[in-house]
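Just so it is clear, the model here is predicted, and its values are computed rather than measured.
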Number of protein chains: 2
Amino acid sequence: MRPLAHPALDDITLTGILHALSDETRVAIFVGIAGSAYSQRCAAFTTVSEKTVPKSTLSQHFKALREAGLIRSERQGVEMLNTSRCAEVETRFPGLIPAIIGAYLAKAKQR
Amino acid sequence: MRPLAHPALDDITLTGILHALSDETRVAIFVGIAGSAYSQRCAAFTTVSEKTVPKSTLSQHFKALREAGLIRSERQGVEMLNTSRCAEVETRFPGLIPAIIGAYLAKAKQR
DNA sequence: TCAATAGTTCTAGAGTTCCGAACTATCAAA
DNA sequence: TTTGATAGTTCGGAACTCTAGAACTATTGA
């Protein structure tokens, strides 16, 4: 297993963020992490929006979020703890993440 | 040639928008259209960010933006006139498009 | 009718994504 | 110190998507 890759703040791109969040499952995971006061284990998202996500797929989704610069993952014993990088991203793209989370939550509420 | 498909406002999705704008060329085209007071022809974007875009690719990009609900395209004689649907999208996802355009322009300015 | 211009569609190759199977890493109990 | 359990990663093939050249359609003006 290679060490986990987290891009530097300057290497985070707008299109990278939009691509990472352009997937229903991934945006749901990200909102879940960003909205929690605590770090979240990957396994906390084995079901997302009432759908079961296979663990290999889940691992790929976390990798995508990590490489886009949206989350930071650290191994803690047998599990991975994931936290959002919202505060950092906010300094680079002010207002972007709140707008996306807001749009996600507003849509979720509608149904 | 089939008639052009424009989704109804209610059928516009967050992930659809993020996917459409997760491509460097497409986000540049969209910001160009959204930032202009006038309708833009497709051919106005044969070069985007100093890169030549083949016309079949350009046509696909416009289709993607159209199907995401971000632009409206109307044939005017021999050409297509494209306008943004920002105002409509704003009513569905308030603040989202301005945040993305803002992030795009801020990043462009940096270099 | 013909030619020119603007976009679209077709299609093949390149690249990406999904997910089951096999793997690795960590820890705790025997 | 093996063994087992749990958590996550990597591999590989099938399905899907994207790019761009070639051929096509639509409109207009000569």
Between [X] and [N], is there a contact of a side-chain N or O with OP1 or OP2 at under 4.0 Å?
X: Ser56(A); N: dG20(C); value: no
X: Arg41(B); N: dA6(C); value: yes
X: Thr57(B); N: dA20(D); value: yes
X: His61(A); N: dC19(C); value: no
X: Arg66(A); N: dT9(D); value: yes
X: Ser59(A); N: dG8(D); value: no
X: Arg26(B); N: dC18(D); value: no

Output the rounded distance in Å from [atom1] ([X]) to [atom2] ([N]).
X: Glu67(B); N: dT9(C); atom1: CD; atom2: C1'; value: 13 Å
X: Arg75(B); N: dT25(D); atom1: CZ; atom2: P; value: 13 Å
X: His19(B); N: dT17(D); atom1: NE2; atom2: C1'; value: 8 Å
X: Gln76(B); N: dG7(C); atom1: CD; atom2: C1'; value: 15 Å
X: Met80(B); N: dT27(D); atom1: CE; atom2: C1'; value: 13 Å
X: Leu58(A); N: dT9(D); atom1: CG; atom2: P; value: 9 Å
X: Lys51(A); N: dC19(C); atom1: NZ; atom2: P; value: 7 Å
X: Leu81(A); N: dT26(C); atom1: CG; atom2: C1'; value: 13 Å

Answer yes or no: is there a side-chain heavy-atom contact under 4.5 Å between [X] and [Y]?
X: Leu70(B); Y: Ile97(B); value: yes
X: Pro7(A); Y: Arg85(A); value: yes
X: Ser73(B); Y: His6(B); value: yes
X: Gln60(B); Y: Lys55(B); value: no

Of the nucleotides [options], which has the atom closest to the [X] side chain?
X: Pro54(A); options: dC18(D), dC19(C), dT27(D); result: dC19(C)
X: Lys55(A); options: dT19(D), dA7(D), dA26(D); result: dA7(D)
X: Glu79(A); options: dT8(C), dG8(D), dT27(D); result: dG8(D)

Are any of the side-chain nitrogens in Arg72(B) or Glu88(B) under 4.0 Å away from the carboxylate oxygens of its partner?
yes
For Asp23(A), report the nucleic acid contact type (base, sugar-phosphate, nothing); a contact means any heavy atom under 4.0 Å.
sugar-phosphate
Walking DNA chain D from its 5' end, the first of Val78(B) and Thr52(B) to be reached, judged by nearest nucleotide, is Thr52(B)
